Amino acid sequence: MNKLYGPDGKTVLTSRRAFLSQSAGVAALMAASGMSTSSNLIAQPAGAATSPMNNATFPPDFIWGAATAAYQIEGAASEDGRKPCVWDTFSRLPGTTKNGDTGEVACDHYHRFADDVKLMAELGIKHYRFSIAWPRIIPDGRGAVNEKGVDFYRRLVDELLAHGITPHATLFHWDSPQALEDLYGSWRNRQIATDFADYCTQVVKRLGDRITNWMTINEIFCFTYLGYGVGQRPQHAPGTLVKSRQEVLQTVHHALLAHGLGCQAIRAATPKPAQVALVVNYDAFIPVIETPENIAAARRAFVMEEHNGTVLVPALTGKYNEQAIAKLGADAPKVQAGDMAIIGQPLDVLGFNIYTGSYVKAADNDRGYEVLPLPKEYPQMIMPWLNFIPESLYWGVRMVSEALGKTDLPILITENGCASNDEVTAKGEVFDLSRVMYMRSYLRNAHRAVAEGYPLKGYFHWSLMDNFEWSWGYTRRFGITHVDYATQTRLPKESFRWYQQVIAANRVL
Ligand code: BGC
């Protein structure tokens, strides 16, 4: 059974019911549901700072971290033997990124990683999620290993370990080697799955003495559904036009296969016991009013909607969701014998990237639910897709247990964050208060999930620092550290200071 934590975050309770009865009645229920501590619905007793209402304390072993990705921060695009990835090529095409921005220099982390690790230590994180660039390790995508590329990650990881920071490495965060795109159309070809697994083997053989937390692939959705399109150039690399949606779905299938073979490769190559995860930005559905009918509707949407039904569901269960496949009809992916067993490899951890969600309610239709449209004035951070829906974190975690029955699969929030219009004041400060508001609200929902006994084990903020935001170039800032791209100066924002305190106190402030 999952451990349940009392409202003090330390007492281990024996059941969900015990949690409720040992908590201070309504106040604890409110804290557990992530409601505002400043609510005046209940009179604040003296010493309210330590009352259950204010005390969103996490278990002592809760993981606090921050995340980045290779192409978004490293720069040094043609140094030490690295060859182009699809984002190098795509971002150089006119009209693909804002201002024609590329990741050529980005945050110059390749040369400044030691200072960046100092920044992490100042923040107080004990865990750091980064990604390894395939075209640095195997510049042609397959074949010879570039040892200089491996050395960079060895230096980075040694620096992390020297500062007491545990590395969590993602093996693929969208930077497919351009050579494989030229050779066989990268994700359109099944061959990429074996080439990816070989790359995993080479990395884990060399770095597995230092890294034991591996993540195969980041967000299959973004480089398949958004990287290949029919009729109109897709917004993500490789930006390939294909003739049918079936071809798009086939790229998804190949990515899932790559993940499955990658898991097997990591487990076979690791010199030490290691944890293997898949990172998914699966869709979270929130019952618009928390009634049993709407919760049941959210459960149905969670497994049936196309993205979850074709990525998360097969990865966790070894089967595509039947309703999602039926709806796709002739566009469904073509599956060969044995594929689904490879895809459904048991995972040690599920990585959940959560930014936003959708409200649902029960409906009298063939699916039994309706996804609700948001009104025009609904609060949004400055990305067209980034609606402010903090409950998405809680429901996204809960549904892995409730809709997929994976009650014991540890979940890490591997990304959560937002873009904001950050300005540096004359005194050299950045008061990114909308980010603080966003983080506080989402973390209250993380606390609710933990308090109710769901296996949420940690939180990595996206991102440690401002970086190359894909087709938005440098026009969108997601960091808790401001980066001046002209001078490469790092400046911690107010959200950095806030998160630093949260980590130190191990509770939401
Ligand atoms: C990606 C990041 C990206 C972030 C904000 C996630 O989907 O993994 O690379 O920067 O969202 O858009």
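Start at 1 and go down the list; that is how both ligands and their atoms are numbered. Predicted model only: the values in this text are computed from it and were never measured.
With sequence neighbours left out, Tyr355 forms a ring-ring contact (aromatic ring centres under 6.0 Å, His included) with Trp385. Under the rule for a side chain to side chain donor-acceptor pair (under 3.5 Å), the partners of Asn353 that lie at least two apart in sequence or sit in another chain are Asn218, Glu219, Thr414, Glu415. Partners of Phe352 under the ring-ring contact (aromatic ring centres under 6.0 Å, His included) rule, at least two apart in sequence or in another chain, are Tyr282.
By the 30° and 60° cut-offs, the orientation of the rings of Trp134 relative to Tyr199 is parallel.
The main-chain N or O of Arg142 is never found under 3.5 Å from a side-chain atom of Asp140 such that the two would form a donor-acceptor pair.
Taking the ring centroids of Phe460 and Trp64, they lie at or beyond the 6.0 Å cut-off.
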Distance dump, ligand 1 polar atoms to protein, N/O, under 3.5 Å:
| from | atom 1 | to | atom 2 | distance (Å) |
| --- | --- | --- | --- | --- |
| ligand 1 | 7 (O) | Glu219 | OE1 | 2.6 |
| ligand 1 | 7 (O) | Glu219 | OE2 | 2.8 |
| ligand 1 | 8 (O) | His173 | NE2 | 3.2 |
| ligand 1 | 8 (O) | Asn218 | ND2 | 3.0 |
| ligand 1 | 8 (O) | Glu219 | OE2 | 3.4 |
| ligand 1 | 8 (O) | Glu415 | OE1 | 3.0 |
| ligand 1 | 8 (O) | Glu415 | OE2 | 2.9 |
| ligand 1 | 9 (O) | Gln72 | OE1 | 2.8 |
| ligand 1 | 9 (O) | His173 | NE2 | 2.9 |
| ligand 1 | 9 (O) | Trp470 | NE1 | 2.9 |
| ligand 1 | 10 (O) | Gln72 | NE2 | 2.9 |
| ligand 1 | 10 (O) | Trp462 | NE1 | 3.3 |
| ligand 1 | 10 (O) | Glu469 | OE1 | 2.6 |
| ligand 1 | 11 (O) | Tyr355 | OH | 3.4 |
| ligand 1 | 12 (O) | Glu469 | OE2 | 2.6 |

